[in-house]
Q: 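The structure is given below, and queries will be raised subsequently.
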2 protein chains.
Amino acid sequence: MLEAGYAAVTSRRVAAKAQLEPQLVHYYFRTMDDLFLAIHRRRVEEGLERQTRALASDQPLWALWDYSRDPRGTALTMEFIALANHRKAVRAEIAASAERSWSEQLNGFRRPFEQHDVDAGALPPVVCTVLLSSISRFLGIEYGALGLSSGHAETVGFVEGFIRRLEGERSAGRANEPGPALTLGD
Amino acid sequence: MLEAGYAAVTSRRVAAKAQLEPQLVHYYFRTMDDLFLAIHRRRVEEGLERQTRALASDQPLWALWDYSRDPRGTALTMEFIALANHRKAVRAEIAASAERSWSEQLNGFRRPFEQHDVDAGALPPVVCTVLLSSISRFLGIEYGALGLSSGHAETVGFVEGFIRRLEGERSAGRANEPGPALTLGD
DNA sequence: GTCTATAGCTGGATAGAC
DNA sequence: GTCTATCCAGCTATAGAC
């Protein structure tokens, strides 16, 4: 999916990777949509776990920002959204999990916002949730698909300035800025 | 492209829409990539014209925000980005036009920012350019592909509050809020 | 320019032997 | 479970008549 898009994930290629015959893919998953849903379910499970850990940490905003900027993550997410857009059989399930992940993130944001006395009139947690997702995903797409990074560093700096005002410097244990330097293969 | 994605745009289907034989598509465009590039070139031309008009208007931020939120526009843009991601033959050209459009938008933002005395340290025009694109595109994708709109109204309100502080109310002649209520078919 | 014909490929999915 | 064999569909692209 990362290298050539969901449309390139065929029973023949999947089987070749596993050194098996294509028919076995249908034996285990029946249709290709079932296969995609299985991949997606595992991904959602891991993602929710990791998001919960991030939100429970001492720097939830830093943790979530770093996590959501992982280039492999944004690229895969976009593939699943494209898949949902064109295959109605998987759309409902992908939409439901996105909604769930969003709502847990929103819940997790309330605590740091109250703790740091953010003026909810000026920047409500719900807006901040949407903004962080928008920015990380947009930067990931633009760099990953087109190789563009004009204005990215400034925008990352802007967002991190905001997080720094709330949570202070990223703590030492925290993963470093992944940034556009990482490629999809990492 | 809007209904079923770029992969569904085949010579057979294109010909059927025009009530012609599939071979004529190859006569006029040789390969399908050539066809996509032709569509893209026309789109870029119209888009740049419209963006230039928006930036030259008396409310450039309102105009650009409304324009960039057009659901058909964001959906098509995402299809072309997905196309670029998977077909290296078109990637270079799409990336070049995106970069050009971005740079003209940035140039156009400098005037209103100076005019309204925005503190460039707090919010540089370059960051604002990336932010507006991120938000409009993310909302468009999420609503268009998954039907989700949690937090969208609040985020739109947040952005428009910012624009309102700079340019005042949207003037009467300006198109109304297109919003998530518009569907792809409009 | 537009048509018929066709080559050559890739794909999803099933049937049935073992 | 895993295999062979196979069907049927869809696609891009070219050749050549008119």
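Just so it is clear: chains get the letters A, B, ... in the order the sequence lines come, proteins before strands, and each one is counted from 1.
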Q: Mind listing the residues from residues 8-19 of chain A sitting with a heavy atom below 4.0 Å of DNA chain D? Number order is fine.
A: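 Correct list: empty, so none.
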Q: Side-chain atoms of residues 123-134 of chain A: list all donor-acceptor pairs with protein atoms under 3.5 Å, sequence neighbours left out, distances to 0.1 Å.
A:
unit_1: A:Thr129; atom_1: OG1; unit_2: A:Pro125; atom_2: O; d: 2.7
unit_1: A:Ser133; atom_1: OG; unit_2: A:Thr129; atom_2: O; d: 3.1
unit_1: A:Ser134; atom_1: OG; unit_2: A:Val130; atom_2: O; d: 2.7

Q: Rounding to a whole Å, what distance do you find between A:Leu24:CG and D:dA5:P?
A: 16 Å
Q: Under the side chain to side chain donor-acceptor pair (under 3.5 Å) test, which residues partner B:Arg53, sequence neighbours left out?
A: none
Q: Looking only at side-chain N and O atoms, does A:Glu142 offer a donor or acceptor that is under 3.5 Å from a partner on A:His152?
A: yes
Q: Tell me which residues in residues 26-39 of chain A lie within less than 4.0 Å of DNA chain C, going by non-hydrogen atoms.
A: A:His26, A:Arg30, A:Thr31, A:Met32
Q: For B:Gln115, is the CD atom crowded, meaning more than 12 foreign heavy atoms sit under 6.0 Å from it?
A: yes
Q: Using atom types as modelled, flag every donor-acceptor pair under 3.5 Å from a side chain in residues 7-25 of chain B to any protein atom, sequence neighbours excluded.
A:
unit_1: B:Thr10; atom_1: OG1; unit_2: B:Arg13; atom_2: N; d: 3.2
unit_1: B:Arg13; atom_1: NE; unit_2: B:Ala8; atom_2: O; d: 2.8

Q: Can you measure A:Gln23 atom CD to D:dA5 atom C1' for me and round it to whole angstrom units?
A: 9 Å
Q: Using the rule side chain to side chain donor-acceptor pair (under 3.5 Å), only one of B:Arg110, B:Glu104, B:Arg111, B:Gln105 pairs with B:Asn107; which is it?
A: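 The passing option is B:Arg110.
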Q: Which whole-number value in Å describes the distance from B:Glu21 CD to D:dA15 C1'?
A: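 The distance from CD of B:Glu21 to C1' of D:dA15 comes to 16 Å, rounded to the nearest Å.
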Q: Using the side-chain contact (heavy atoms from CB on, under 4.5 Å) rule, pick out the option among A:Arg164, A:Glu160, A:Arg165 that qualifies with A:Phe162.
A: A:Arg165
Q: C:dC3 C1' sits how many Å from B:Leu20 CG, rounded?
A: 11 Å
Q: Which pairs count as ring-ring contact (aromatic ring centres under 6.0 Å, His included) when at least one residue sits in residues 35-61 of chain B, sequence neighbours excluded?
A: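 Sorted pair list: B:His40-B:Phe80.
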